[in-house]
Amino acid sequence: MSKIPSKVCQQIPYGQRRQPEITMNLERVPNEEKLSLCRKYYLGGFAFLPFLWLVNVVWFFREAFVKPAYTEQLQIKTYVKRSALGLLLWVAVLTTWITIFQHFRAQWGEVGDYLSFTIPLGIP
């Protein structure tokens, strides 16, 4: 059995450890793959995952509106605009529902309690 040199086994202090970088560098990705990825996130938002639309807008905004023109850019721009519109619609619907539910839950009686995650105790 060979011994490992002691320098290899040294512990690195926590503050000096390199954290892995998790980033998406779209400049390294071919334009066809950018379009495919943008389309997947756009369609994924329809599976009641509006967070994917947010990611799509944030990730591909520069590709759609800032970068110089290329062939796939028009389709990416369309997906980004539609993702933003879908996200805004989701936020509006969710905000409306939360407001209505918070305001009228007590008046709905038993139905309001069944819709609640936790059933509040006491008099509303």
Side-chain angles (χ1 to χ4, degrees):
M1 217 159 77
S2 65
K3 290 190 171 191
I4 300 174
S6 62
K7 288 184 179 182
V8 174
C9 295
Q10 288 179 351
Q11 292 289 328
I12 300 172
Y14 182 75
Q16 296 176 358
R17 294 181 189 167
R18 274 188 57 179
Q19 298 296 323
E21 290 186 30
I22 303 172
T23 59
M24 174 71 170
N25 189 353
L26 288 174
E27 293 179 10
R28 295 181 180 181
V29 179
N31 293 337
E32 296 83 19
E33 283 188 47
K34 291 177 194 176
L35 177 60
S36 174
L37 186 60
C38 186
R39 183 174 188 272
K40 286 177 185 175
Y41 279 113
Y42 170 68
L43 295 175
F46 286 106
F48 297 105
L49 300 170
F51 182 72
L52 290 179
W53 284 332
L54 175 64
V55 170
N56 207 19
V57 170
V58 170
W59 247 0
F60 288 101
F61 184 82
R62 283 193 190 125
E63 289 292 325
F65 299 104
V66 177
K67 298 274 182 166
Y70 54 92
T71 55
E72 292 86 0
Q73 188 180 32
L74 186 60
Q75 288 176 303
I76 290 175
K77 192 180 291 190
T78 302
Y79 288 136
V80 169
K81 287 179 183 177
R82 290 180 182 176
S83 294
L85 182 65
L87 179 64
L88 288 174
L89 182 66
W90 259 95
V91 168
V93 168
L94 193 59
T95 302
T96 303
W97 166 246
I98 290 170
T99 303
I100 290 171
F101 182 76
Q102 292 294 324
H103 190 264
F104 294 109
R105 187 205 55 79
Q107 293 175 9
W108 293 343
E110 197 173 312
V111 173
D113 288 342
Y114 284 130
L115 291 174
S116 296
F117 184 71
T118 56
I119 299 175
L121 301 175
I123 300 172

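Not measured: the values here are computed from a predicted model.
Taking CD1 of Ile76 as the start and NZ of Lys81 as the end, the distance is 13.0 Å to the nearest 0.5 Å. With rounding to the nearest 0.5 Å, the separation of CD in Glu72 from OG in Ser36 is 11.0 Å. Atoms CH2 and CD, from Trp97 and Gln102 in turn, are 10.0 Å apart once rounded to the nearest 0.5 Å. Here the OG atom belonging to Ser83 is positioned 13.0 Å from the CZ atom belonging to Phe61, to the nearest 0.5 angstrom.
Salt-bridge check for Arg28 with Glu33: failed, with every basic side-chain N at 4.0 Å or more from each acidic carboxylate O.
Remark: Lys34 is positioned above the aromatic ring of Tyr70, its terminal NZ or CZ atom under 6.0 angstrom from the ring centre and at most 45 degrees off the axis.
Leu43 is connected to Val55 through a chain of hydrophobic side-chain contacts under 4.5 Å among Ile, Leu, Val, Met, Phe, Trp and Tyr, so both are in one cluster. Val80 and Phe46 fall within the same hydrophobic cluster, defined by Ile, Leu, Val, Met, Phe, Trp and Tyr side-chain heavy atoms under 4.5 Å apart, directly or through other members. Linking Ile, Leu, Val, Met, Phe, Trp and Tyr residues whenever their side-chain heavy atoms come within less than 4.5 Å leaves Leu74 and Val29 in two separate clusters.
Between Tyr42 and Trp53, the angle of the ring planes lies from 30° to 60°, which puts this pair in the tilted group.
Remark: the backbone N or O of Tyr41 is not paired with any side-chain donor or acceptor of Asn56 at under 3.5 angstrom. Of the possible donor and acceptor atoms, one in the side chain of Gln73 sits under 3.5 Å from a partner among the backbone N and O of Glu63.
Closest approach of Leu87 to Pro50, counting heavy atoms only: CD1-O, 3.7 Å. Scanning all heavy atoms of the two residues, the minimum distance from Trp59 to Leu26 falls at O-CD1, 3.3 Å. Across every non-hydrogen atom of Arg105 and Gly112, the tightest pair is CG-O, 3.7 Å. When all heavy atoms of Ala84 and Val57 are compared, the closest pair comes out as N-CG2, 3.5 Å. Annotation for Gly44 and Leu49: closest pair O-CB, 3.6 Å, computed over non-hydrogen atoms.
In this structure, Phe101 places its CZ atom where more than 12 heavy-atom neighbours from other residues, nucleotides or ligands lie under 6.0 Å away.
A side-chain contact (heavy atoms from CB on, under 4.5 Å) with Thr96 holds for exactly one of Ile100, Leu94, Ile98, Val93; it is Ile100.
Using a 4.5 Å heavy-atom cutoff, the side chains of Arg82 and Lys77 are not in contact. Looking at Leu54 and Val58, their side chains come closer than 4.5 Å, going by heavy atoms from C-beta outward.
If you check the side chains of Tyr114 and Glu110, you find a donor sitting under 3.5 Å from an acceptor.
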task: Could you walk me through whether Tyr79 and Leu35 pass the side chain to side chain contact (heavy atoms under 4.5 Å, CB included) test, one step at a time?
output: CA-CA 9 Å; Tyr79 288 136; Leu35 177 60; 3.8 Å; yes
